[in-house]
Amino acid sequence: MNIRIGAAVCLLFFYAVGYTVSQPVGALPAAPGFPAIIPLAGEESDGTAAALFNERRDRIHLSINRRRGTFQIYAVDAEGAMHELLSQYDEGMTSFFALRIGRAQYKLQYGGMKIAAEQTEDGGGTVTYTIPRRAQVELDFEPFKSNAAAGVDMLKVTATITNTSSRRASFGFKAVFDTVLGESGDVHFSTAAQKAINTELQLYSMALDRYITSSDGTHALQFVFTGRDTTPPAIVTLGNKDILTGVSSWIPPIIMNRPFDNVISYNNSAIAANWNDVQLEPTQRAVVVFYIAAGSDGATNPAEVFLKVHGYGSPEPGMRADDVSPPAAPPAMPPVAVVSPVPTAAQLETAYIQNLINRINALEENSVLNRSELLELNAELDAILAYLRQLN
């Protein structure tokens, strides 16, 4: 870490610990000329999107935070009560998708990237993450029934990755889910082949295990990585949450058969799925598909029902580039001088600044340096730091 980044971290700590004590709880200081953050239409005051599933016949409910790009999944019981299936620590920031371009890693949450979310006509939702001049990832959460007689009890998750740069590059994709149900019972996870998993494990094929279940005995969250039109991951990791959510290693460095503990957290498990890297030409796309299921009666197994109805087989394993590319991107504009605008209230949040610093560090460590993006991110960080100095 260079001296400038170190100074930014120190100032960030001072701002988070010192300056914010004079602010009302949850408030953000507004930059000159910019209003405080206002929730989008259909959102709660904390920025959480309005419910995308709200009919009692449905068994799964998706909520999307449009500003942060985070999400929560709920099981809905027969009385219509909702039960959280993922951790809500830090507004759900510990469950996320991530993209790797070359050696640079990008956590797909707010901070240095554009995020757009909307509800779809079928009652699902899409979230689009745009990394300027590098890539765009669109996540589509589609309501799905495990069988024709069921209500909506699944989500089909489709991730479309597009290379928006002007050069060929290697792309990797990862999903991390901070589960909570198994931590309250005797069994953290189970699969079709393994009834109890209580220590760290990596699976290099889902042909036998088929799906991962996190359950407290009544409610269940399931991830289906095989069957129908899924894109089987290269590695599925069950490990301690802090290890799986860290950014130091793309593939989590677990120790097989170690409990879900570390020096920071105890009995805290999570799931990570890594898909293989794929080479994409400019404007070319790759697609990842998997399914999420929810149960709330302690008896039904929607993942198993889904596979019996739709088949246990999977297409060729791995993420693949589309044979047909989207229309060519418009000609690139000539480079312009980097301008540092006055930061918005969202850019002054501690998590946003830390994510920005992490991205700068990742770019500086990348063997194929994207100089234009690095200049833009450094200019953004300079503007934020200059504004924070004025406040202090």
Assess, by modelled atom type and distance only, whether the side chains of [X] and [Y] contain a donor and an acceptor separated by less than 3.5 Å.
X    : Y    : answer
S296 : D77  : no
Q202 : T237 : yes
Q222 : T213 : yes

Do [X] and [Y] touch side chain to side chain, with heavy atoms closer than 4.5 Å?
X    : Y    : result
Q136 : I131 : no
L244 : L238 : no
R68  : M93  : yes
M206 : L203 : yes
I353 : I384 : yes
I251 : I235 : yes
T179 : I271 : yes
F225 : I212 : yes

Strictly distance-based, threshold 3.5 Å: is any side-chain N or O of [X] a donor or acceptor partner for the main-chain N or O of [Y]?
X    : Y    : answer
S190 : Q194 : no
T164 : A135 : yes
S215 : H219 : yes
D153 : S146 : yes
T245 : T94  : no
D297 : T300 : yes

Quiz prompt | Candidate pair M113 and T130, rule side-chain contact (heavy atoms from CB on, under 4.5 Å), full reasoning | solution = CA-CA 6 Å; M113 65 182 67; T130 302; 6.0 Å; no
Results of salt bridge (charged side-chain N to carboxylate O under 4.0 Å, His left out) for [X] - residues two or more places apart only:
X    : result
E138 : none
D216 : none
E304 : R210

Nearest atoms (heavy-atom pairs only) where [X] meets [Y]:
X    : Y    : result
L99  : W250 : C-CH2, 3.8 Å
Q279 : S170 : NE2-CB, 3.2 Å
V180 : L86  : CG1-C, 3.9 Å
F290 : V224 : CB-O, 3.4 Å
P143 : V152 : CB-CG1, 3.8 Å
A193 : D209 : CB-OD1, 3.7 Å

Residues in side chain to side chain donor-acceptor pair (under 3.5 Å) with [X], at least two apart?
X    : value
S184 : none
T218 : none
T158 : none
Q109 : none

Quiz item: Does NZ or CZ of K241 come closer than 6.0 Å to the centre of the six-membered ring of Y89, within 45° of the ring's axis?
Solution: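 Judged by the rule, K241 and Y89 form a cation-pi pair.
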Exercise. Tell me, please, whether W275 has K174 positioned over its six-membered ring: NZ or CZ under 6.0 Å from the ring centre and within 45 degrees of its axis?
Key: no
Which distance, rounded to the nearest 0.5 Å, do you find between the [atom1] of [X] and the [atom2] of [Y]?
X    : Y    : atom1 : atom2 : result
I197 : S269 : CD1   : OG    : 10.5 Å
E142 : D122 : CD    : CG    : 5.5 Å
R168 : Q284 : CZ    : CD    : 8.5 Å
N276 : F173 : CG    : CZ    : 12.5 Å
I60  : L62  : CD1   : CG    : 8.0 Å

Taking ring-ring contact (aromatic ring centres under 6.0 Å, His included) as the test, write out the residues that go with [X], two or more places apart.
X    : answer
F96  : none
F171 : none
Y129 : none
F189 : F260

Exercise. Pick out which of D229, T230, D140 makes a side-chain hydrogen bond (donor to acceptor under 3.5 Å, both in side chains) with K156.
Key: D229
Practice problem: Start with the C-alpha distance between E200 and I243, add both sets of side-chain angles, then the distance that settles side-chain contact (heavy atoms from CB on, under 4.5 Å), and finish with yes or no. | Solution: CA-CA 11 Å; E200 293 187 338; I243 294 174; 3.8 Å; yes
Self-check item: Derivation of the side-chain contact (heavy atoms from CB on, under 4.5 Å) call for V289 and V287
Solution: CA-CA 7 Å; V289 176; V287 176; 3.9 Å; yes
Quiz item: Are M256 and V187 linked, directly or through other ILVMFWY residues, by side chains that come within less than 4.5 angstrom of each other?
Solution: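 M256 and V187: separate clusters.
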Self-check item: Apart from V309 itself, residues in the same hydrophobic cluster as defined by side-chain heavy atoms under 4.5 Å
Solution: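 V309 clusters with V305.
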Practice problem: Starting from the C-alpha separation in whole Å, work towards a yes-or-no answer on ring-ring contact (aromatic ring centres under 6.0 Å, His included) for Y291 and H310. | Solution: CA-CA 12 Å; Y291 291 80; H310 297 284; 7.6 Å; no
Quiz item: Between F71 and F97, is a ring-ring contact (aromatic ring centres under 6.0 Å, His included) present by the stated rule, with each step listed?
Solution: CA-CA 10 Å; F71 53 91; F97 295 88; 5.6 Å; yes
Self-check item: Intermediate values then yes/no, ring-ring contact (aromatic ring centres under 6.0 Å, His included), F223 and Y211
Solution: CA-CA 5 Å; F223 300 92; Y211 50 82; over 10 Å; no
Practice problem: Please assess T283 against N163 for the test side-chain contact (heavy atoms from CB on, under 4.5 Å), listing each intermediate value before the final yes or no. | Solution: CA-CA 5 Å; T283 75; N163 180 359; over 6 Å; no
